[in-house]
J.: 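Take a look at this one; I'll ask things after.
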Amino acid sequence: MSERRVRVRFAPSPTGPLHIGGVRTALFNYLFAKKHGGDFLLRIEDTDQGRYVPGAEDYIQEALEWCGMKVDEGPKQGGPFAPYRQSERKELYRQYADQLLASGNAYYAFDSPEELDQARATAEEKGETFTYNAMSRCRMKNSLSLSEDDCNILLASSIHYAIRFKMPDNLDVTEVDLIRGSVTFNTSSLDDKVLFKSDGMPTYHLANVVDDHLMEISHVIRGEEWLPSMPLHVLLYRAFGWEDTMPRFTHLPLILKPVGKGKLSKRDGDKMGFPVFPLLWKDPETGDTSRGYREDGFFPDAFINMLALLGWNPGTEQEIFSMKELCEAFSLERVGHSGARFDPEKTKWYNHQYFIKKSDQELGELLLPFLKEKGITAEPAMATKVCGMVKERCNFVSEIWDQSYFLFEAPTTYDEKIVVKRWKDDVPSIMNEIAVFFETVEQWNAPEIKEPFSELVTAKGWNFGIVMNSLRLCLVGGSFGPDIFEICDLIGQAETISRIKKAIAAIKG
RNA sequence: GGUCUGUUCAUCUAAGGGUUAGGAUUCAAGAUUUUCAUUCUUGCCAUAGGGGUUCGAAUCCCCUACAGACUACCA
């Protein structure tokens with residue numbers, strides 16, 4: 001059994017955009033597969049036709065692709081166990097339900113939704129919770145409580161029925177979870193789950209177990225919300241007689257809200273201003289859009305790095321990992337046991353790390369489209385140069401523009417606060433003298449400007465703080481940006497002088 | 001309510017019986033940058049509470065508290 005090829009699957013429901021938690025589940029599956037030279041499959045669990053959202057499946061595929069997770073087998077890429085979409089495997093499941101029926105592990109249930117609601121309501125009145133199990137099933141309408149004749153009549157009629165698992169009474173089911181260790185459940189606290197719905201579709205539980213078996217899945221790695229259904233799944237494997245090839249189970253801790261209680265939700269992102277989805281999502285029904293990490297300017301490797309270190313750690317002090325390094329270092333044993341609070345700040349920090357690691361040229365190429373959007377055409381060489389000047393002060397490509405627009409065009413506004421603070425009465429005349437001085441500079445480059453400029457300021461007895469900041473105000477429009485002489489250098493002599501003159505006129509007025 | 005699972009700085013986490021409980025993020029202060037940011041240095045800050053076991057407990061056991069998940073013909 002330890003010889004078995006590692007095969008894992010990511011099995012989302014196409015009910016909407018893939019959430020950060022889903023991406024992390026996919027990632028841990030992917031890393032585990034690659035660590036062990038195994039296969040990473042994508043299976044679309046679309047057994048609930050009522051919740052199907054058009055576009056969601058494409059979104060999932062695109063998100064995995066953007067993140068750099070290559071799917072070995074899936075609906076798009078095919079594979080030896082196709083199809084990988086449960087709706088297309090519909091015909092397959094009934095025979096397995098029948099097998100369980102025949103072996104006495106399942107039974108027909110004829111209760112209508114109204115009758116079930118009634119049973120729940122009655123129990124609630126008595127302060128109890130209705131559970132369809134060994135205690136109550138004899139009082140319900142099913143093939144266990146009804147006579148065979150009655151049952152056959154119902155089956156022959158057009159009445160809708162479901163197939164339920166016959167949960168054994170008072171049996172301890174123990175199974176190992178790879179990050180939590182051995183977990184025991186007693187079946188008396190479990191219920192007779194519906195395996196096969198009246199609409200002819202299997203439920204998650206049946207389809208999941210059947211497909212994992214058929215697709216030769218070796219490890220089931222999923223979110224912690226599935227831990228309570230582990231005993232049901234184990235029992236299903238037993239009932240089918242598949243226990244010897246049953247996958248190993250692992251349940252990942254959840255991602256929690258940055259503040260407050262509960263798991264991370266879309267609302268948290270909206271409220272605190274960070275995306276909870278990898279890609280932008282437009283709801284096909286309402287038309288509402290939700291931000292995505294990609295569109296917000298995050299690099300996929302930074303996003304993945306952040307997600308991997310949320311709940312997992314290598315046991316060393318290394319924090320920056322490429323996907324390749326993650327594949328090598330990953331192990332389920334080092335995944336934490338408790339839910340991890342999501343930290344949007346750290347996500348930005350990761351992006352900054354990847355940002356500054358990129359070459360000026362790479363960033364320059366990424367900047368070009370932003371410039372185009374602003375109506376500016378610039379040479380790639382210019383973009384590269386600009387990125388080199390400002391990249392240390394940015395987290396995102398979009399921020400390069402905020403930090404460098406004045407290198408492409410003269411400022412049109414001047415920061416009011418800085419004007420008040422620095423633009424004293426004598427400043428205009430000083431700026432005028434500086435403009436005159438700049439006319440005389442012969443070699444227009446940063447060091448050649450800086451030295452005589454400093455001498456001039458000293459000779460005139462001007463206040464350095466006032467002069468430098470006022471000059472910056474003329475050139476930049478505010479109190480930020482790279483070294484002032486490098487700015488002069490880049491924009492050129494004529495432009496520098498023209499901006500000073502423009503500022504004198506504009507600020508005075 | 002019931003069943004499971006958790007609980008180390010504000011946050012992500014390291015330390016699987018012996019360390020001044022380590023790192024990173026955030027925050028604060030100082031230095032640098034005649035700007036802002038970066039960078040550097042420093043600081044703040046934790047074993048949920050109570051009982052055991054032990055020479056010795058963050059680590060093992062029990063209780064309590066708190067938190068989360070699940071409790072659908074949804075996944």
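Order of the sequence lines sets the chain letters (A, B, ...), proteins ahead of strands, with each chain counted from 1.
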J.: Run the ring-centre check on A/Phe196 versus A/Tyr161 and record whether the distance is less than 6.0 Å.
T.: no
J.: Roughly, in whole Å, what's the span from NZ in A/Lys257 to P in B/C12?
T.: 15 Å
J.: Quote, to the nearest angstrom, the P distance that separates B/U25 from B/U41.
T.: 11 Å
J.: Can you confirm if the aromatic rings of A/Phe28 and A/Trp312 lie within a centre distance of less than 6.0 Å?
T.: no
J.: Are the side chains of A/Tyr354 and A/Ile320 in contact, using a 4.5 Å heavy-atom criterion?
T.: yes
J.: For A/Phe480 together with A/Phe406, are the ring centres under 6.0 Å from each other?
T.: yes
J.: More than 12 foreign heavy atoms under 6.0 Å from CD of A/Glu451: is that the case here?
T.: no
J.: Measuring only the C1' atom in each nucleotide, how far is B/A14 from B/U59? A whole number of Å is fine.
T.: 13 Å
J.: Any side-chain N or O of A/Arg334 less than 4.0 Å from the OP1 or OP2 oxygen of B/A15?
T.: yes
J.: Under 4.0 Å, counting only non-hydrogen atoms across every strand here, what does A/Thr184 touch: a base, just sugar-phosphate, or nothing?
T.: sugar-phosphate
J.: Looking for any heavy atom pair under 4.0 Å, which part of the strands does A/Gly465 touch: base, sugar-phosphate only, or nothing?
T.: nothing
J.: Using the P atom as the point on both nucleotides, what is the distance between B/U5 and B/U42, in whole Å?
T.: 44 Å
J.: Within the 4.0 Å heavy-atom criterion, would you say A/Pro482 contacts the bases, only the backbone, or no part of the nucleic acid?
T.: base
J.: Hey, is the side chain of A/Asn313 poking within less than 4.0 Å of OP1 or OP2 on B/U13, counting only N and O atoms?
T.: no
J.: Between atom CD in A/Glu486 and atom P in B/U33, what is the gap in whole Å?
T.: 15 Å
J.: Students often get this wrong, so: under 4.0 angstrom with heavy atoms, is A/Asp483 touching a base, only sugar-phosphate, or nothing?
T.: base
J.: Classify A/Arg472 by what it touches in the nucleic acid, base, sugar-phosphate, or nothing, heavy-atom distance under 4.0 Å.
T.: base
J.: With rounding to whole Å, what would you report as the distance between B/A75 and B/A67 at their C1' atoms?
T.: 24 Å
J.: Expressed in whole Å, how much space separates the P atoms belonging to B/A46 and B/A10?
T.: 7 Å
J.: Is A/Lys193 reaching over with its side chain to a backbone N or O of A/Thr203, donor-acceptor style, under 3.5 angstrom?
T.: no
J.: Between A/Asp172 and A/Thr184, is the side chain to side chain donor-acceptor pair (under 3.5 Å) condition met? List the steps.
T.: CA-CA 6 Å; A/Asp172 276 337; A/Thr184 301; over 6 Å; no
J.: Starting at CD of A/Glu486, measure out to NZ of A/Lys450 and round the result to the nearest 0.5 Å.
T.: 9.0 Å
J.: Does the gap between the ring centers of A/Tyr293 and A/Phe303 come in under 6.0 Å?
T.: yes
J.: Identify whether the glycosidic angle of B/G23 places it syn (within 90° of 0) or anti.
T.: anti
J.: Quantified in whole Å, what is the P atom distance between nucleotide B/G16 and nucleotide B/U11?
T.: 23 Å
J.: With a 4.0 Å cut-off on heavy atoms, is A/Gly311 in touch with a base, just the backbone sugar-phosphate, or nothing at all?
T.: sugar-phosphate
J.: Please state how far atom CD in A/Gln353 lies from atom C1' in B/U39, giving the value in whole angstrom units.
T.: 12 Å
J.: Take atom CE of A/Met272 and atom C1' of B/A10, then tell me their distance rounded to the nearest Å.
T.: 12 Å
J.: Can you measure A/His352 atom NE2 to B/A37 atom C1' for me and round it to whole angstrom units?
T.: 9 Å
J.: Say we look at B/A57 and B/C62: how far apart would their C1' atoms be, to the nearest angstrom?
T.: 15 Å
J.: May I have the distance from A/Ile179 (atom CD1) to B/U13 (atom P), rounded to whole angstrom?
T.: 11 Å
J.: Determine the interatomic distance between C1' on B/U8 and the same-named atom on B/U19; round to the nearest Å.
T.: 15 Å
J.: In whole Å, what is the span from the NE2 atom of A/His337 to the P atom of B/A15?
T.: 11 Å
J.: Whole angstrom is fine here: how far is it from CE in A/Met306 over to C1' in B/A24?
T.: 15 Å
J.: Heavy atoms under 4.0 Å is the rule here; annotate nucleotides 67-75 of chain B 5' to 3' with B where the base is hit, S where only the sugar-phosphate is, and - elsewhere.
T.: SSSS--BBB
